[in-house]
**Q** 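One structure, as structure tokens, below. Some questions next.
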Amino acid sequence: MLIVVDALFSWVDFLYRSVVGKLINRIVNPYIALFRIKPIMKISYSFGIDLSPLIGILLLWIIQNITFRLMVQIL
């Protein structure tokens, strides 16, 4: 959820620079920075939108589904 909020705040400058925006950015940025590698950034620049939050959310969703399925099998 914080990744989405951070992405939305980045589109509105006064929200991004607010105390809450800076706090959310400090929390989210280390995780999102993992996906800001050269091939992904080339694609992002061609679209004009940073795709690293989308990739980060997709990875979290995949991990969540795998974890849920494993828990169901164990229980």
Side-chain angles (χ1 to χ4, degrees):
M1 189 106 170
L2 288 177
I3 297 171
V4 174
V5 171
D6 185 56
L8 292 174
F9 275 19
S10 70
W11 287 59
V12 182
D13 192 45
F14 74 90
L15 291 175
Y16 193 69
R17 294 178 188 233
S18 70
V19 175
V20 175
K22 289 179 183 179
L23 176 65
I24 292 172
N25 192 17
R26 288 185 76 190
I27 294 168
V28 171
N29 198 32
Y31 176 68
I32 296 300
L34 296 172
F35 307 107
R36 289 188 175 136
I37 56 177
K38 197 169 187 174
I40 295 172
M41 290 310 292
K42 280 185 177 182
I43 295 169
S44 294
Y45 287 137
S46 66
F47 285 118
I49 296 174
D50 187 7
L51 297 176
S52 53
L54 180 63
I55 294 169
I57 290 171
L58 182 64
L59 181 65
L60 286 174
W61 180 75
I62 291 169
I63 291 170
Q64 177 186 348
N65 283 338
I66 291 171
T67 305
F68 180 75
R69 289 176 192 220
L70 288 173
M71 287 177 58
V72 167
Q73 287 179 356
I74 291 172
L75 298 175

**Q** Pair up each side-chain donor or acceptor in residues 16-24 with any protein partner under 3.5 Å, not counting sequence neighbours, and list the distances.
**A**
{"unit_1": "Y16", "atom_1": "OH", "unit_2": "N25", "atom_2": "ND2", "d": "2.9"}
{"unit_1": "R17", "atom_1": "NE", "unit_2": "D13", "atom_2": "OD1", "d": "2.9"}
{"unit_1": "R17", "atom_1": "NE", "unit_2": "D13", "atom_2": "OD2", "d": "3.3"}
{"unit_1": "S18", "atom_1": "OG", "unit_2": "L15", "atom_2": "O", "d": "2.7"}
{"unit_1": "S18", "atom_1": "OG", "unit_2": "G21", "atom_2": "N", "d": "3.1"}

**Q** Could you go through residues 46-70 and list every donor-acceptor pair under 3.5 Å that involves a side-chain atom there, pairing it with any protein atom two or more places apart or in another chain?
**A**
{"unit_1": "S46", "atom_1": "OG", "unit_2": "I43", "atom_2": "O", "d": "2.6"}
{"unit_1": "D50", "atom_1": "OD1", "unit_2": "S52", "atom_2": "N", "d": "3.2"}
{"unit_1": "D50", "atom_1": "OD1", "unit_2": "S52", "atom_2": "OG", "d": "2.7"}
{"unit_1": "D50", "atom_1": "OD2", "unit_2": "R36", "atom_2": "NE", "d": "3.0"}
{"unit_1": "D50", "atom_1": "OD2", "unit_2": "R36", "atom_2": "NH2", "d": "2.9"}
{"unit_1": "D50", "atom_1": "OD2", "unit_2": "S52", "atom_2": "OG", "d": "3.0"}
{"unit_1": "S52", "atom_1": "OG", "unit_2": "R36", "atom_2": "NE", "d": "3.2"}
{"unit_1": "T67", "atom_1": "OG1", "unit_2": "I63", "atom_2": "O", "d": "2.7"}

**Q** Check L34, I27, N29 against Y31 for a side chain to side chain contact (heavy atoms under 4.5 Å, CB included) and give me the one that passes.
**A**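 Of L34, I27, N29, side chain to side chain contact (heavy atoms under 4.5 Å, CB included) with Y31 is met by L34 alone.
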**Q** Decide whether V28 and V12 are clustered together by the hydrophobic rule: side chain heavy atoms of Ile, Leu, Val, Met, Phe, Trp, Tyr closer than 4.5 Å, transitively.
**A**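 Hydrophobic grouping puts V28 with V12.
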**Q** Taking only residues two or more places apart in sequence, or in another chain, which ones meet I37 in a side-chain contact (heavy atoms from CB on, under 4.5 Å)?
**A**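 With sequence neighbours excluded, I37 shows a side-chain contact (heavy atoms from CB on, under 4.5 Å) to P39, I40, given in chain and number order.
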**Q** Could you walk me through whether L2 and D6 satisfy the side chain to side chain contact (heavy atoms under 4.5 Å, CB included) test, starting with their C-alpha distance in whole Å, then the side-chain angles of each, then the deciding distance to 0.1 Å, before giving a yes or no?
**A** CA-CA 6 Å; L2 288 177; D6 185 56; over 6 Å; no
